[in-house]
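See structure below.
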Amino acid sequence: MERRDAIKTLAAASLAITAANAYDEKLIVNTNDYEFKDPQNPTDYELKHTPAISIKDADKAGFSLVEVTVGQKGIIHPSVDNHWIYQIELFADDKRVGIVDLEPSVSRGYLAARVQLKDVKKLRAIARCNLHGNFSYTVSV
Ligand SMILES: [Fe+2]
């Protein structure tokens, strides 16, 4: 086998592995955006889907650790075969600075990134549930 053919074969094999591990996109049945109907009194259902953002210490280069979990007030969103948070995005002002794709039953909603917050005014996270749609949350920096 020529070296170039071997590289092509390896590339094809790695793509096949990636595809085999990815969730079935047919399971994503709701991509609508939702907000709290009553922001003063969010329901447990709304809290379960809403990202929580925590800002932790900066490293020596000035990048703060930003963690996003899904679910507020101790209400944690599940990750089971047919119901899970399949993606989380993190925005610093309007620029996307992090994204994570998650697998049902295997990984549960979490994103962490080191972010330079020097000129950032707000952080926003979006959590995407395959059944219940997209919920976002914003914090001032
Ligand atoms: Fe859900």
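Order of listing sets the numbers, starting from 1, for every ligand and every atom in it. Just so it is clear, the values below take in all heavy atoms, side chains as well, and ignore hydrogens, waters and symmetry mates.
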Between His83 and His132, do the side chains contain a donor N or O and an acceptor N or O under 3.5 Å apart?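 Present: a donor and an acceptor within the cut-off.
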
Among Asn134, Val68, Ile88, Asp33, side-chain contact (heavy atoms from CB on, under 4.5 Å) partner for Ile126: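 In the set Asn134, Val68, Ile88, Asp33, the residue that makes a side-chain contact (heavy atoms from CB on, under 4.5 Å) with Ile126 is Asn134.
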
To the nearest 0.5 angstrom, please state how far the OG1 atom of Thr50 sits from the OH atom of Tyr137.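 Spacing of OG1 (Thr50) from OH (Tyr137) equals 8.5 Å.
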
Interatomic distance, Leu111 atom CG to Ile85 atom CD1 [nearest 0.5 angstrom]: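 Leu111 atom CG to Ile85 atom CD1 measures 12.5 Å (nearest 0.5 Å).
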
Does a sphere of radius 6.0 Å around CG in Asp94 hold more than 12 heavy atoms from other residues, nucleotides or ligands, not counting ones at 6.0 Å or beyond?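 Not buried by this count: 12 neighbours or fewer within 6.0 Å.
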
Looking at Lys37 and Glu46, is there a salt bridge between them, counting it only when a charged N and a carboxylate O are closer than 4.0 Å?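 A salt bridge is absent here (no side-chain N lies under 4.0 Å from a carboxylate O).
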
Below 2.8 Å, which protein N, O or S atoms neighbour the Fe ion (ligand 1), ignoring water?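 The answer, once waters are left aside, is His49 NE2, His77 NE2, His83 NE2, Cys129 SG, His132 ND1.
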
